[in-house]
Amino acid sequence: MPSLTDVRFAEIAQEVACDVLTKSQDDDNILKLQEISREFVSDTITVPTKEMNAYALRASLGDDVYFEPSTALLEAHVAKVTGKEAGLFLPTGTMSNQIALRTHLQQPPYSVITDARAHIYRMEAGGTAFHSGANSIPIIPDNEHHLTWEDIEARIVSGTDVHVAPTRIIALENTLNGTIMPQKDVLEISKNAHTRDIIMHLDGARIWHVAAETGLSMKELCDPFDSVSLCLSKGLGAPIGTILVGSKSFITKARWFRKLFGGGMRQTGYMVGCAAYALTHNFPLLPRVHALARRMQQGLEELGVGILSPAETCMLFYDPSPIGVEYWEIVEGAAQLPQPIKLNGSRLVMHIQTSPQAIEDFLELIRTLKEEKAAAGWKPENAPPKKKTLFRDVYVKAVRPA
Ligand SMILES: Cc1ncc(COP(=O)(O)O)c(C=O)c1O
């Protein structure tokens, strides 16, 4: 085989080389922070700051499939804070929930109970069936706010009838759509589930918000559960990561499944550095975020806008039909403001980088649209009749009529 010449190698190296930075990257990044301060789409859009990056870049440099010191410290820390034996760093909340279910569930047939609105049931691409071969039992809470033991008890599958798939897990979500599950209901469900040998999992992507709002400790909130998935990249503002916590044997097996799922990562130090920074510096910002969400709700209510799901923590869902305005008109109007605002539909999420001015500008836009409708002859009696549905879905997308 002829040896590769320096010239040929230089040609290949040139083909391989890559520059993802624009000429104005530093300025673009400053603009991005300004942009997301006016986006109500999600709390996943928050961006790492210079301070976060400076701290994170000093984290250790190990390979996490073997052993990564900073990552092991973060896992142990979150396990301790939540009162569990061990923790596992994962790239996403979806992978964390799915690995938790797969680790708990061993021999089908079985079923998993969730709230009908739960992320695990609705937003994980049918993962419960795909990864664990489990039947899902979605339940609509009778009180339209949170599941109670009464809702669940009637739907638990048990016994030895060969037609059925016995319930092995109850997977709760707290917060769910930003609302808080009363702890007394969590405790009642957990006590009854454990008496029946049913495992309790919590999708606690935003459980931090519950601690920040109620004053209950993370341990108190996690005690009723055998496993808890806690996201770092949502309300806390880290760029990536979720920690799954549980017993030592559960996490040992989950670590194995993480590799099997293709989620064994290498130099995770930078990522957990961001997460540790977020725990220390961003968790304390959550009460301010919740206050912004309440201000948004108060302003909307003063304008006569309907509230589909209240601002108990960082988000709310609204309905502009009582003032004759449609979602698409708001979305388009917001995009055309001198300083645009971005949103999708009924869900409004506040985050640690939300600008209070964006909320006031949004309310002003709705006031203007309301006045325009009234001037064009719209009256409250023109409001469309409320549709009677079995399940009031609070997620409404903004769609401009064709
Ligand atoms: C409640 C809840 N659980 C789980 C997830 C999944 O997280 P990820 O997007 O990291 O997979 C989300 C995502 O927004 C979520 O809101």
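Each ligand, and each atom within it, is numbered from 1 in the order the structure gives.
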Which protein residues have a heavy atom under 4.0 Å from ligand 1?
Thr92, Gly93, Thr94, Asn97, His119, Glu124, Glu173, Asp203, Ala205, Arg206, Lys234
For Arg38 and Pro340, indicate whether the former's side chain and the latter's backbone hold a donor-acceptor pair under 3.5 Å.
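It does hold such a pair.
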Between His146 and Thr179, is a side chain to side chain donor-acceptor pair (under 3.5 Å) present by the stated rule, with each step listed?
CA-CA 8 Å; His146 62 273; Thr179 63; over 6 Å; no
Hey, what's the ring geometry for Tyr327 with Tyr318, parallel, tilted or perpendicular (30° and 60° as the breaks)?
perpendicular
Quick check on Trp256: does its CH2 atom have over 12 non-hydrogen neighbours (other residues, nucleotides or ligands) under 6.0 Å away?
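Open.
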Contacts table for residues 272-287: side-chain donor-acceptor under 3.5 angstrom, sequence neighbours left out:
from: Thr280; atom 1: OG1; to: Ala276; atom 2: O; distance (Å): 3.1
from: Asn282; atom 1: ND2; to: Leu236; atom 2: O; distance (Å): 2.8

In this structure, is the centre-to-centre distance between the rings of Phe225 and His201 below 6.0 Å?
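No, they do not, as the ring centres are separated by 6.0 Å or more.
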